Amino acid sequence: MSKAAVIGKPIGHSLSPAIFTFLSHEQNFQYSSQEVDATELPQFIQNFRNDSEMVGLNVTIPHKELVIDHLDELSPEVRVTGASNVIHKSQGKLTGYNTDICGILMTLKNHHKGSLSGKRAWVLGAGGAARAVLYALGELKLGQVDVVNRTAERSLKLVKQMKQFFPSTEWRAVSGSDETGKDASIYFEPGDSFSLIINATPLGMSADLLKRDAFYSIPLFIRVFTAMETSKISDEETSAEQKKTGFRIEKGAVAFDLIYRPENTPFLNIAKQYGLIPVGGLEMLVEQALAAWKIWFGPVPNMDAQKTPLLNFLRNRPIFLTGFMGAGKSTVGKILSQRLSRDFLDLDRVIEAKENKTIGQIFEEKGEAVFREIEFKEFKKYFLSPNTVLALGGGTLLNPQIRSLILKVGTLIYLRTKPETIAKRIKSQNQVRPLLTSLGDLEQEAKIETLLKERESFYLQAQVQVDTDTLTPEEISDQISERLVY
């Protein structure tokens with residue numbers, strides 16, 4: 001079996017496990033995520049070297065630069081940018097690559113009509129992400145690139161480096177620290193126009209920056225958007241004289257945000273108002289992942305055909321409802337799926353339809369072990385279904401493979417319910433529960449408490465947890481909807 005992993009700290013936000021699980025479904029490949037502290041990195045890399053099954057790593061913050069000291073060979077783009085997000089192990093050697101650059105190039109190729117050669121771009125930010133962006137723009141032979149940063153020191157250093165490697169492009173460093181935004185005209189000269197603006201900062205990821213007013217309060221963006229507001233002239237409105245003296249956003253200009261969660265960032269929402277084509281970071285994420293797969297294993301079969309379903313999957317990753325029997329998974333799942341315009345599947349009902357028997361009959365005739373095998377087989381048919389709410393059985397998470405797959409590809413929601421509430425609901429529903437049959441009320445409550453304690457640690461791995469005892473199914477659905485993050 002071949003293995004790969006993504007490493008970083010924090011790592012919970014990464015969509016790499018979802019991407020590579022989707023790509024490798026039904027293949028003999030295992031992908032995981034591992035949170036690694038900077039102090040643990042040397043030992044982790046050594047263990048990676050020694051693991052014969054491990055073929056590659058994806059590397060994210062804060063290790064893209066730190067990992068370079070532990071590699072044997074570096075690709076040209078890594079030597080220039082000083083950052084590696086992909087490692088390939090082959091014949092005992094570790095080689096570092098930067099597939100972010102490929103992701104940027106492919107995304108721009110897909111969305112900007114015509115060549116960018118000789119055109120002008122702004123790049124916001126001067127950190128590690130900006131280095132990959134500038135390398136890509138240098139490869140595309142842009143005529144001029146303005147690196148806009150909060151302070152000019154970092155952008156000056158970055159611009160100086162890029163001039164050495166891509167001398168045909170004019171590189172300029174601009175400070176974005178002026179809080180008034182009144183001096184924004186320094187970006188432009190008479191007749192200036194631009195074709196591309198890229199946000200290579202993390203601004204817009206945080207919940208407190210999701211509103212337009214909050215975003216406008218950041219000095220760096222004040223200067224950019226004030227310039228666009230005061231100088232915007234559309235192609236249709238531009239006279240010959242204005243073209244000589246004014247600033248112009250070219251028709252078909254693209255606003256590209258490297259952030260992929262949320263995909264519609266405040267930066268893109270604002271840029272759309274100025275007629276720019278908005279492009280989020282999710283497509284870049286997919287393109288760089290496909291490039292990593294190619295490095296490890298060769299081209300992805302039918303790669304172009306894979307992109308659209310993969311993007312659809314990432315935008316509509318499945319939701320899984322878990323909790324003890326009687327927690328309301330089926331009822332809540334139906335309501336939630338209607339509110340979110342998603343398909344609904346109840347894993348127990350799927351199994352019953354497949355076996356043409358009730359869950360109780362399967363337990364009685366074949367035993368729990370056989371039931372769990374059937375459950376896993378049916379689960380694997382549906383766990384990669386996009387735009388789905390899937391209600392799990394109360395014991396589904398006992399299977400460690402199921403737990404692992406769910407946490408890689410979707411959102412797990414725990415409907416937390418007290419034992420006494422469960423006992424009342426089961427009694428009022430008058431339904432057959434295989435693990436509680438032939439038990440009196442007191443024995444049943446004791447059994448519920450025992451089973452709940454055995455399963456609680458699995459339930460608590462859920463990203464969203466809702467206390468259900470005093471809530472209606474509609475109220476539970478409301479809470480889930482408010483707390484979902486795509």
Side-chain angles (χ1 to χ4, degrees), residues 3-11 13-14 16-17 19-20 31-52 54-105 123 125-139 147 149 153-166 171 200-202 258 281 284-285 287-297:
K3 295 180 180 179
V6 57
I7 62 170
K9 187 174 183 180
I11 201 65
H13 69 285
S14 176
S16 291
I19 293 172
F20 287 102
Y31 192 90
S32 62
S33 61
Q34 299 191 44
E35 188 165 283
V36 178
D37 190 82
T39 59
E40 302 169 331
L41 187 61
Q43 186 59 55
F44 181 89
I45 296 297
Q46 187 58 49
N47 293 341
F48 169 63
R49 284 184 183 273
N50 296 336
D51 190 333
S52 61
M54 291 289 290
V55 298
L57 292 175
N58 290 119
V59 184
T60 188
I61 296 172
H63 301 321
K64 289 185 179 183
E65 298 173 4
L66 296 174
V67 77
I68 289 177
D69 290 338
H70 305 284
L71 304 179
D72 303 309
E73 296 180 356
L74 305 176
S75 66
E77 68 272 12
V78 173
R79 288 195 292 270
V80 174
T81 62
S84 173
N85 73 315
V86 170
I87 300 173
H88 181 214
K89 184 173 67 177
S90 177
Q91 298 179 341
K93 287 187 177 182
L94 305 186
T95 304
Y97 298 86
N98 192 320
T99 63
D100 286 339
I101 293 166
C102 178
I104 294 164
L105 288 169
V123 176
R131 290 203 298 273
V133 168
L134 297 187
Y135 187 100
L137 298 184
E139 287 278 308
V147 182
N149 196 48
E153 184 179 356
R154 292 189 73 181
S155 53
L156 281 168
K157 182 179 179 181
L158 190 51
V159 160
K160 184 178 180 181
Q161 181 187 22
M162 289 297 136
K163 285 179 179 178
Q164 297 176 11
F165 294 101
F166 302 103
W171 303 92
T201 77
L258 270 59
M284 172 196 160
L285 184 74
E287 293 286 1
Q288 67 81 26
L290 292 171
W293 183 282
K294 184 177 180 180
I295 290 168
W296 295 337
F297 305 112

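Note that the structure is predicted; figures quoted are calculated from it, not measured.
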Asker: Under the rule for side chain to side chain contact (heavy atoms under 4.5 Å, CB included), what residues qualify as partners of Asp51, not counting sequence neighbours?
Answerer: Glu53, Met54

Asker: Mind checking whether Lys160 and Trp171 have side chains closer than 4.5 Å, heavy atoms only?
Answerer: no

Asker: Compare all side-chain heavy atoms of Arg49 with those of Asp72 and state whether any distance is below 4.5 angstrom.
Answerer: yes

Asker: Would you check if Ser33 and Ser14 make a side-chain contact, meaning some heavy-atom pair closer than 4.5 Å?
Answerer: no

Asker: Looking only at heavy atoms, what is the nearest atom pair of Ile68 and Ala83, with distance?
Answerer: CD1-N, 3.6 Å

Asker: So which atom in Ile87 and which in Phe48 form the shortest heavy-atom distance, rounded to 0.1 Å?
Answerer: CG2-CE2, 3.9 Å

Asker: Enter the distance from Ser16:OG to Leu285:CG here, rounded to the nearest 0.5 Å.
Answerer: 6.0 Å

Asker: What pair of heavy atoms forms the shortest contact from Gly96 to Leu71, and how long is it?
Answerer: CA-CD1, 3.6 Å

Asker: Looking only at heavy atoms, which two atoms of Ala126 and Asn149 are closest? And how far apart?
Answerer: N-OD1, 3.4 Å

Asker: By salt bridge (Lys or Arg N to Asp or Glu O under 4.0 Å), which residues pair with Glu153, not counting sequence neighbours?
Answerer: none

Asker: Run the side-chain hydrogen bond (donor to acceptor under 3.5 Å, both in side chains) test against Glu77 and tell me which residues pass, sequence neighbours left out.
Answerer: Ser75

Asker: Under the salt bridge (Lys or Arg N to Asp or Glu O under 4.0 Å) rule, collect the residues that match up with Arg154, sequence neighbours excluded.
Answerer: none

Asker: Which residues pass the side-chain hydrogen bond (donor to acceptor under 3.5 Å, both in side chains) test with Gln164, sequence neighbours left out?
Answerer: none

Asker: Kindly give the heavy-atom pair with the smallest separation between Ala136 and Leu105, and that separation in Å.
Answerer: O-CD2, 3.5 Å

Asker: Got Val6 and Ile11 here, is their nearest side-chain heavy-atom distance under 4.5 Å?
Answerer: yes

Asker: List for me each residue that meets side chain to side chain contact (heavy atoms under 4.5 Å, CB included) alongside Asp69, sequence neighbours excluded, and say none if there are none.
Answerer: none

Asker: By side chain to side chain contact (heavy atoms under 4.5 Å, CB included), which residues pair with Thr95, not counting sequence neighbours?
Answerer: Glu73, Tyr97

Asker: Are any of the side-chain heavy atoms of Leu158 and Leu134 separated by less than 4.5 Å?
Answerer: yes

Asker: Atom OG of Ser84 and atom CG of Leu66: how far apart are they, to the nearest 0.5 Å?
Answerer: 11.5 Å

Asker: Would you name the heavy atoms of Val133 and Ala200 that are closest together and state the gap between them?
Answerer: CG2-CB, 4.3 Å

Asker: Does a side-chain heavy-atom distance below 4.5 Å link Ile45 with Leu94?
Answerer: yes

Asker: Tell me every residue that passes side-chain hydrogen bond (donor to acceptor under 3.5 Å, both in side chains) with Thr99, counting only those two or more places apart in sequence or in another chain.
Answerer: Asn85, Gln288

Asker: Side chains of Ile19 and Trp293: does their closest heavy-atom pair fall under 4.5 Å?
Answerer: no

Asker: How far does CD of Glu40 sit from CG of Asn47, to the nearest 0.5 angstrom?
Answerer: 10.5 Å

Asker: Tell me, please, which residues at least two apart from Gln34 pass side-chain hydrogen bond (donor to acceptor under 3.5 Å, both in side chains).
Answerer: none

Asker: Give every residue pair that meets the side chain to side chain donor-acceptor pair (under 3.5 Å) criterion with at least one member in residues 55-65, sequence neighbours excluded.
Answerer: Tyr31-Asn58, Lys64-Asp100, Glu65-Arg131

Asker: Run the salt bridge (Lys or Arg N to Asp or Glu O under 4.0 Å) test against Glu287 and tell me which residues pass, sequence neighbours left out.
Answerer: Lys307

Asker: Just how far is it from atom CH2 of Trp296 to atom NZ of Lys3, taken to the nearest 0.5 Å?
Answerer: 14.5 Å

Asker: Check side chain to side chain contact (heavy atoms under 4.5 Å, CB included) between Lys9 and all other residues, then give those that pass, not counting sequence neighbours.
Answerer: Glu35, Asp37, Pro62

Asker: Report yes if the distance between the aromatic ring centroids of Phe166 and Tyr135 is under 6.0 Å, otherwise no.
Answerer: yes

Asker: How about CD1 on Ile61, more than 12 heavy atoms from neighbouring residues, nucleotides or ligands closer than 6.0 Å, or not?
Answerer: no

